[in-house]
Amino acid sequence: MSNSLPTREEDYSKWYNDLVVQAELADYSPVRGCMVIRPYGYAIWNRIKNALNERIEQSGVDEAYFPLFIPMSFFEREAEHVEGFSPELAVVTHGGGKELEEPLVVRPTSEAIIGDMFSKWIQSYRDLPLKINQWANVVRWEKRPRLFLRTLEFLWQEGHTAHSSYEEAQEMVEEILFNVYQDFCEQVAAIPVIPGKKSENEKFAGALATYTLEAMMGNTWALQAGTSHNLGQNFAKAFNIQYSDDNNELQDAWTTSWGMTSRMVGAVIMVHGDDHGLVLPPKLAPHQIVIVPIWRDEEQQEAVLAKCQELLGELGDFRVKLDDRDSYSPGFKFNEWEQKGVPVRLEIGPKDLEKGTVVVARRDMPGKQGKQFVSMETETLIPTLHNLLDEIQSSMLEKAREFQLSHTYEPKDYAELQDMIPEGWVHAYWCEDEACEAKVKEDTKATLRCLPFEEESEGTCIVCGKPATKKAVFARAY
RNA sequence: CGGGGCGUAGCGCAGUCCGGUCAGCGCACCGCGUUUGGGACGCGGGGGUCGGAGGUUCAAAUCCUCUCGCCCCGACCA
């Protein structure tokens with residue numbers, strides 16, 4: 001592990017990359033754009049998966065698995081879908097030493113293959129709603145990869161549902177957006193998000209409407225944290241997902257799809273990380289607490305380690321790591337675990353044994369003010385740690401929210417918008433004309449991130465001045 | 001694919017203009033000893049066909065030609 005990290009201000013992109021590599025989350029692979037996720041990074045991803053799964057299950061969705069390969073012809077059934085995805089498809093042309101009669105697409109998303117199966121599974125309105133989720137890897141041949149945020153292959157969860165009405169499908173889309181994704185982002189990842197609708201220009205290829213959660217990273221750029229699509233009847237028509245209603249009339253189903261990806265690991269890093277390294281919210285941290293023992297000689301070592309082992313046993317409520325490595329100094333360990341983002345550190349040395357205390361240090365508050373002496377007695381220590389982890393979890397969310405709010409601006413006019421974009425997000429009226437969206441991008445590199453869910457009101461488009469009723473968020477994005 | 005930059009030890013780099021004690025530095029790694037309350041120190045050690053191919057030369061990391069790869073800025077994007 002290297003001793004230094006570039007600071008965020010110096011070079012945000014390098015800071016991020018070094019942080020990912022030095023904290024042992026991921027590595028570059030021999031294949032450009034692909035990423036090796038190391039055990040520590042995967043442990044974070046696993047916690048993300050578990051938290052999402054809990055919520056997905058609560059929404060009445062079942063788990064299943066569909067194939068990696070999708071026949072090209074399936075893909076071509078929905079015109080907009082294939083048009084949107086074809087530039088980034090990986091295609092298998094040979095198998096078993098022979099050229100295939102029909103090329104197979106390595107799934108970039110599974111609407112096509114799942115749509116085909118849904119058409120076989122759904123006959124009657126009694127079969128609806130059908131709600132399926134799968135955990136999978138997908139491949140999109142991105143031109144500019146970035147560890148976790150945009151790699152050729154990534155891990156995700158994709159949900160696919162079919163319903164008997166538009167309203168029910170829309171309800172599903174919002175259920176996932178708010179109760180699964182937003183709740184996860186804010187309550188688990190401590191990342192505040194703005195839920196909203198994508199513009200026509202930015203929506204999913206083939207969807208009726210796409211909804212998104214936009215999160216602000218530490219450099220004020222926006223990152224799409226999750227997405228939920230109302231596919232209308234487009235995919236049902238393309239894949240023959242038809243059912244007989246209670247009047248025995250044949251109807252096209254209404255479908256949805258939604259996903260959240262391994263990119264969330266990157267989001268956690270970029271939202272919470274500081275110049276000392278990662279800062280992990282307690283609910284996602286592989287180790288919530290690390291114990292660093294301190295000794296001067298073998299006698300002390302034995303006594304201190306014995307106490308640490310005892311403590312390790314008593315702290316079974318938490319995910320605890322005891323760093324009993326010899327040959328590394330305590331100072332080295334402090335820095336290493338800081339870089340890896342462990343929320344709470346316990347320091348135990350000979351002086352603590354004498355006084356019956358431990359030093360409790362919190363990662364999100366570096367320096368003296370984040371340190372306190374706490375009694376070793378478990379009646380005191382355990383409740384203190386519970387409270388502290390809760391406090392860290394919520395204050396991380398608050399801190400990120402304050403940052404997001406204080407970097408979101410309401411410009412008076414277009415000139416002000418141009419000035420504000422480099423400083424953060426802009427929230428302003430938009431007339432829903434694509435030309436205005438394009439002009440903002442041309443002038444500022446900012447894209448229209450979403451139309452947040454909020455009351456409509458009377459105003460004028462920030463770009464062209466025409467009457468407008470909806471406000472949009474414009475920002476630079478990953 | 002357009003515009004810029006870079007390939008020398010696991011990582012980060014110096015050396016290239018001006019060919020010849022340039023096969024080097026820091027970190028990491030291995031051994032021994034002393035250390036250990038905020039990234040320890042000393043001594044010793046291992047590791048590189050200088051991205052690849054060809055050429056010029058008595059002599060090439062260095063000059064010439066061709067190639068391959070990577071990074072950054074754009075277009076695409078969870």
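A note on names: the letters A, B, ... follow the listed sequences, proteins ahead of strands, and every chain is numbered from 1.
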Tell me which residues in [range] put a heavy atom below 4.0 Å from RNA chain B, sorted by number, or none.
range: residues 56-65 of chain A; answer: none
range: residues 348-356 of chain A; answer: A:Gly349, A:Pro350, A:Lys351, A:Asp352
range: residues 261-279 of chain A; answer: A:Thr261, A:Arg263

Review item, nucleotides 69-72 of chain B N/O atoms under 3.5 Å of protein N/O:
| from | atom 1 | to | atom 2 | distance (Å) |
| --- | --- | --- | --- | --- |
| B:rC71 | OP2 | A:Arg32 | NE | 2.9 |

Those residues that, when tested against [X], pass side chain to side chain contact (heavy atoms under 4.5 Å, CB included) (two or more places apart):
X: A:Lys445; answer: A:Arg476
X: A:Thr378; answer: A:Glu314, A:Ile382
X: A:Ala207; answer: A:Phe204, A:Thr210, A:His229, A:Leu231
X: A:Pro452; answer: A:Ile194, A:His427, A:Cys450, A:Glu454, A:Val473

Please enumerate all protein N or O atoms sitting under 3.5 Å from an N or O of nucleotides 1-3 of chain B, with distances to 0.1 Å.
none

Could you work out, with salt bridge (Lys or Arg N to Asp or Glu O under 4.0 Å) as the rule, every residue matching A:Arg140, not counting sequence neighbours? none

Applied to residues 60-72 of chain A, the side chain to side chain donor-acceptor pair (under 3.5 Å) test, sequence neighbours excluded, yields A:Tyr65-A:Arg107

For the pair made of CD1 in A:Ile294 and C1' in B:rG37, what is the distance, rounded to whole Å? 5 Å

Listing, residues 260-273 of chain A side-chain donor-acceptor contacts under 3.5 Å, not counting sequence neighbours, or none:
| from | atom 1 | to | atom 2 | distance (Å) |
| --- | --- | --- | --- | --- |
| A:Thr261 | OG1 | A:Arg263 | N | 2.9 |
| A:Ser262 | OG | A:Leu155 | N | 3.1 |
| A:Ser262 | OG | A:Leu155 | O | 3.2 |
| A:Arg263 | NE | A:Leu149 | O | 3.2 |
| A:Arg263 | NH1 | A:Gln224 | O | 3.1 |
| A:Arg263 | NH2 | A:Leu149 | O | 3.2 |
| A:His272 | NE2 | A:Ala189 | O | 2.8 |
| A:His272 | NE2 | A:Ala190 | O | 3.3 |

